[in-house]
Number of protein chains: 2
Amino acid sequence: MTRAGRPQSTTRAELSTLAIDLFTERGFDETSVDDVAAAAGIARRTLFRYFPSKNAIPWGDFDGHLGKMRDWLAATPGDLPLDEGLRRALIAFNEVPEVEHEHHRRRMQLLLEVPALQAHSMLMYHEWRQIVAAHVAQRLGREPGAHLPQSIAWQLLGVSLAAYEQWLSDPASDLLTLLDEGCAVLSAGLPGTSADVPLR
Amino acid sequence: MTRAGRPQSTTRAELSTLAIDLFTERGFDETSVDDVAAAAGIARRTLFRYFPSKNAIPWGDFDGHLGKMRDWLAATPGDLPLDEGLRRALIAFNEVPEVEHEHHRRRMQLLLEVPALQAHSMLMYHEWRQIVAAHVAQRLGREPGAHLPQSIAWQLLGVSLAAYEQWLSDPASDLLTLLDEGCAVLSAGLPGTSADVPLR
DNA sequence: ACTATAATGGCACCGGGTGCAAATTCAAGG
DNA sequence: CCTTGAATTTGCACCCGGTGCCATTATAGT
């Protein structure tokens, strides 16, 4: 059954963590792809078979993780309000086992603070947004490509990224709490609205 | 008075429109920087003095345009609800004179549909978000770097990008109307919430 | 051992981006 | 008219990310 040929000499995950270490120590721009390949003991050409680009390396197996987001949303009870379903899925998606906390933080620090990676992340989040939009569309009885679902997906992404930025800038903060706060704003709408009590 | 040296041989705006033409015709990835330079009649090296990267070329003078966003927000009457002020500034920022409609559409089509440019746009919008966050912070009496202002800025960016995507995908649609719809969601919060009438 | 299979690795090549130093073009002053 | 100085343009060498191609290597099954 085990279809054979030469076995892989390493894994995406291994390479990703190794690279994150290097990038964090020496800096992303200052570390060349050759450096990573050399440290991993493989050829540069091979590294590009594990990852499509240097920017993709710190992401590890994000696509695999995306599947979970889809599953959580699909498993959302139908009687749950839309915002509550989104909130729970978002929390679940960003929950990380205690042991991996430090590693997760370092990875996200790279992804959110290195300009090249910041930019690249938008390509990664495209699929994530489509998953969210599809769920919202289904709940609201619209097309996945319609304006409302797409807008909500973008806004939820905004909530996530703002929470992550805050989390990274304040070591004492808790990521899930921040995500919760963001969701609250998204659910209830902007403060200081005509519907609200006057500000002063 | 005119402090002299050799005069510039062209302008950012000229190069930008020329390049947008080329990129639209032949494709962004298929058009090399040398092609653009050749078409403009300047050296490749010189082109990189007008723009810091190939990705920046289609943006033209975006930084200058950013100043207007700051001005509109600063000029917002203090008695206007927060959401209404943001809505008006967003509309004003994205209003384009009739004559430039076609050009604007082609530019945005590139910026939103070419992956490399999609990614790069996040770096461009960073400053835009900070402007919005600063305004929100001032209105709400918080620090510009605080979570709430940053989250709202991210969400407003999401509203903008969703509107633009919709506008590009549907030629019959009106951009300002779409922006308005997005702002409405942001103001009022998500539909299908526990606070709303049950869905069916 | 032999073969099919699947991964690794070396090499040449392309395109974006930069540092550096020389060449160009203008205004102003002697 | 010629020089000087400022600001811009340009050519060149070089680095790095990324790809196409093909040979090489390591495994499983016969």
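Each chain gets a letter, A, B and so on, in the order the sequences are listed, and its residues count up from 1. Being a predicted model, the structure only gives us computed values, none of them experimental.
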Of all residues at least two apart in sequence or in a different chain, which pass the side chain to side chain contact (heavy atoms under 4.5 Å, CB included) check with Glu95(B)? Leu176(B)

Suppose we screen for side chain to side chain contact (heavy atoms under 4.5 Å, CB included). Which residues come up paired with Ala134(B), at least two apart in sequence or across chains?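 Here no residue qualifies.
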
Which whole-number value in Å describes the distance from [X] [atom1] to [N] [atom2]?
X	N	atom1	atom2	value
Tyr50(A)	dT19(D)	OH	C1'	18 Å
Ile42(B)	dA7(D)	CD1	P	20 Å
Gln8(B)	dA6(D)	CD	C1'	14 Å

Readout for nucleotides 12-22 of chain C: B = base within 4.0 Å of protein heavy atom, S = sugar-phosphate only, - = neither; 5' to 3' it is ----BBBBB--

Pairs involving [range], ordered by first then second residue, that meet salt bridge (charged side-chain N to carboxylate O under 4.0 Å, His left out) (sequence neighbours left out):
range	result
residues 143-162 of chain B	none
residues 29-50 of chain A	Asp34(A)-Arg44(A)
residues 150-166 of chain B	Arg129(A)-Glu165(B)

Using the test side-chain hydrogen bond (donor to acceptor under 3.5 Å, both in side chains), find all partners of Gln130(A) that sit at least two apart in sequence or belong to another chain.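 Residues passing side-chain hydrogen bond (donor to acceptor under 3.5 Å, both in side chains) with Gln130(A): Gln150(A).
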
Could you list, one pair per line, each protein nitrogen or oxygen that sits under 3.5 Å from a nitrogen or oxygen of nucleotides 4-6 of chain C, together with the distance?
unit_1: dA6(C); atom_1: N3; unit_2: Arg6(A); atom_2: N; d: 3.3

At how many degrees, to 10°, do the end axes of the helix from dA1(C)-dT30(D) to dG30(C)-dC1(D) meet when each uses five pairs?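 The angle, to the nearest 10 degrees, is 10°.
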
What pairs of donor and acceptor atoms, side-chain ones from residues 11-19 of chain A against any protein atom, are under 3.5 angstrom apart with sequence neighbours left out?
unit_1: Thr11(A); atom_1: OG1; unit_2: Glu14(A); atom_2: N; d: 3.1
unit_1: Arg12(A); atom_1: NE; unit_2: Tyr50(A); atom_2: O; d: 3.3
unit_1: Glu14(A); atom_1: OE1; unit_2: Thr10(A); atom_2: OG1; d: 2.6
unit_1: Ser16(A); atom_1: OG; unit_2: Ile57(A); atom_2: O; d: 2.9
unit_1: Ser16(A); atom_1: OG; unit_2: Gly60(A); atom_2: N; d: 3.4
unit_1: Ser16(A); atom_1: OG; unit_2: Arg107(A); atom_2: NH2; d: 3.2
unit_1: Thr17(A); atom_1: OG1; unit_2: Ala13(A); atom_2: O; d: 3.4
unit_1: Thr17(A); atom_1: OG1; unit_2: Glu14(A); atom_2: O; d: 2.9

Sequence neighbours excluded, the answer for salt bridge (Lys or Arg N to Asp or Glu O under 4.0 Å) partners of Asp71(B) is none

Indicate, with a heavy-atom threshold strictly under 4.0 Å, whether Thr46(A) touches base, sugar-phosphate, or nothing.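 Base, at least one base atom sits under 4.0 Å.
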
Can you tell me which residue among Trp59(B), Tyr164(B), Trp154(B) is in a ring pair (Phe, Tyr, Trp, His ring centres under 6.0 Å) with Tyr125(B)?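 Answer to the ring pair (Phe, Tyr, Trp, His ring centres under 6.0 Å) test with Tyr125(B) among Trp59(B), Tyr164(B), Trp154(B): Trp59(B).
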
State which residues pass ring pair (Phe, Tyr, Trp, His ring centres under 6.0 Å) with His65(A); sequence neighbours excluded, sorted by chain then number. Phe93(A)

